[in-house]
Amino acid sequence: MAGQPGAAFRAGDGPFPDAAEVSRPITNGRVLRIAAPIVLANATVPLLGAVNTGVVGQLGQAAPIGAVGIGAVILASVYWIFGFLRMGTSGLVAQAHGAGDTGERAAILIRALVVAGVAGLALVALQGPVVWGAFRLAPASAEVEALSRQYLAIRIWGAPATIALYAVTGWLIAVERTRAVLAVQLWMNGLNVALDLWFVLGLGWGVPGVAVATLIAEWSGLAVGLWLCRDGLSGAAGVLAVGPLRRMLAVNTDIMIRSVCLQASFTTFLFLGAAQGDVRLAANQVLLQFLEITAYALDGFAFAAETLVGQAVGARSRPGVRRAAVVASQWGVGGAVALAAVFLAAGPAIIDLMATAPEVRAAARDYLPWLVAAPLIGVASWMLDGVFIGATMTRDMRNAMFVSVLVYGVALAALVPVFGNHGLWAALMVLNAVRGITMALRYPRVEARLSE
């Protein structure tokens, strides 16, 4: 049937699973069918950035590389603000799916798409102030800024599509169609690479060619995503109902506040790292890629927790919630152990691939043990994020983040002056550990809600 993981591409040939099928046993195989396509989809993201850089690098000048890099970072930072649409949509849809409420399941997607459209058009209208503010915060040379402005002036028209894809992705994850998410990602990135080569190397369009290629890929990706969930758009009920709208606003607001706090914590880490000197700053940048790899690899299992916990909450199944949390987390822990082992064994080689300066390599090796420990320390926070998003216990997530950031601030003040960059990494580990502990302490509320 269409809603089953194995039928992700047959989006229009049958109804969704009924309540009995949605509540089928939560097995290791079911978790892997959800998680594996997400891990593969995430693996394509760094590849696209590398191709963009490589294609522009063929122009033989430094300025175009910097312009594309800065432009992409600016847009990624702005779009990141709307990442709550992915998480909020996933939790709400999973619950409606588990409850067998097809009308609300469709209505949630429509509401999220409307929000995305309004937000995207607002960014297009406000592109002038947004770009001006970005270059005041991160000034660049006149040539780089001029080229980057060309890039941004084209790519900003993809804002509605990019933000809408957050909603589409969250919806597909919630109904266990993660193969469809992988299909969208492969289509977008494959088309982007092909158009990059044609527009930049074939037609000689330079930086604007990279922007046009990405713009076309974004809108075509949204079209593919909407086609893959087209059967879920029919039969919407109560799209403008006050109660569901209020709930959606509350969930998304909590997630946005929590995400802003988390981003502020990492920004503080970067700023304090810069104060440790150029070598340590460069080493930290290299090692942060290990954290990015960890997040990409464990996202699949966290998303599985979102989906299965959300469906169990919708079905009012307390045993299902616990089973979903345990099975998904077991895979998350297994993944964390595997990553720690890889970083321990191959970390120095990975560092050498990303840095050539001997002093940067030596510094990165000095701090590598923190990254070996990072997956093991952080896995609880990543997995419990998935559990709480699926349960839409977003206020608890937000409050746990408040506590975690407060403890993180204390750790920074106590450790950095004494231990320098080691203290900075230790404080980051404290942040992730406290995030996991505070949410674990709140986990009983997830199950308790089903007894109310």
Side-chain angles (χ1 to χ4, degrees), residues 31-32 35-36 38-50 262-263 265-270 272-273 276-277 279-305 328-386 404 408 411-412 415-416 419-437:
V31 168
L32 287 176
I38 296 298
V39 174
L40 292 174
N42 284 345
T44 69
V45 176
L47 177 63
L48 176 61
L262 184 59
Q263 184 64 28
S265 299
F266 278 99
T267 301
T268 301
F269 177 91
L270 293 173
L272 292 177
Q276 303 295 317
V279 172
R280 291 187 180 91
L281 174 61
N284 286 351
Q285 290 294 332
V286 170
L287 293 174
L288 282 172
Q289 306 312 306
F290 286 71
L291 277 185
E292 188 172 356
I293 292 169
T294 300
Y296 279 148
L298 297 184
D299 265 353
F301 304 117
F303 289 0
S329 295
Q330 286 174 341
W331 280 99
V333 170
V337 171
L339 286 167
V342 169
F343 293 164
L344 179 63
I350 296 172
I351 290 170
D352 289 348
L353 285 175
M354 291 190 285
T356 57
E359 63 274 19
V360 174
R361 287 178 170 179
R365 283 182 171 83
D366 190 25
Y367 305 115
L368 179 61
W370 293 111
L371 278 303
V372 174
L376 305 176
I377 293 173
V379 64
S381 63
W382 282 307
M383 295 309 304
L384 285 167
D385 274 348
S404 302
Y408 175 58
L412 287 172
L415 298 174
V416 175
F419 300 104
N421 205 50
H422 277 293
L424 185 60
W425 279 105
L428 189 63
M429 298 303 107
V430 168
L431 172 66
N432 283 332
V434 175
R435 284 177 58 206
I437 292 169

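Computed from a predicted model, the values in this text were never measured in an experiment. All heavy atoms count here, side chains included; hydrogens, waters and symmetry mates do not.
- Separation of atoms CE (M383) and CG (D385) is listed at 10.0 Å; rounding is to 0.5 Å.
- Between the side chain of Q289 and the backbone N or O of Q285 there is at least one donor-acceptor pair closer than 3.5 Å.
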**Prompt:** Could you walk me through whether I351 and L287 pass the side chain to side chain contact (heavy atoms under 4.5 Å, CB included) check?
**Reply:** CA-CA 8 Å; I351 290 170; L287 293 174; 4.2 Å; yes
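- The two atoms that bring P375 and A340 nearest to each other are CG-N, 4.2 Å, heavy atoms only.
- Taking CG of D299 as the start and OG1 of T294 as the end, the distance is 10.5 Å to the nearest 0.5 Å.
- Here the CD1 atom belonging to I377 is positioned 10.5 Å from the CG atom belonging to L371, to the nearest 0.5 angstrom.
- Evaluation of the salt bridge (Lys or Arg N to Asp or Glu O under 4.0 Å) rule for R361 yields D352 as partners, not counting sequence neighbours.
- With contacts defined as side-chain heavy-atom distances shorter than 4.5 Å, the pair V286/I350 does not qualify.
- Of all the heavy atoms in S265 and L431, the pair that sits closest is CB-CD2, 3.7 Å.
- Annotation: the span from F303 atom CZ to L298 atom CG amounts to 11.0 Å, rounded to 0.5 Å.
- Each of F343, Y367, Y296 was scored for a ring-ring contact (aromatic ring centres under 6.0 Å, His included) with F290, with one residue passing: F343.
- In this structure, OG1 on T267 lies 9.5 Å from CG on L262, to the nearest 0.5 angstrom.
- The two residues V279 and A363 have their closest heavy-atom pair at CG1-CB, 3.9 Å.
- In plain terms, the two heavy atoms of A297 and L339 that are nearest each other are CB-CD1, 3.9 Å.
- Distance CG/L428 to OH/Y408: 5.5 Å, rounded to 0.5 Å.
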**Request:** Go through the steps to decide whether I293 and V342 satisfy the test side chain to side chain contact (heavy atoms under 4.5 Å, CB included), and finish with yes or no.
**Result:** CA-CA 11 Å; I293 292 169; V342 169; over 6 Å; no
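- Here N421 pairs with N284 under the side chain to side chain donor-acceptor pair (under 3.5 Å) rule; sequence neighbours left out.
- Contact detail for G436 and L384: the closest heavy-atom pair is O-CD1, 3.5 Å.
- By the 6.0 Å contact criterion, CH2 on W370 is enclosed, its count of non-hydrogen atoms from other residues, nucleotides or ligands being greater than 12.
- Residue A374 comes nearest to L291 through the heavy atom pair CB-CD2, 3.7 Å, listed as atom of the first residue, atom of the second, then distance.
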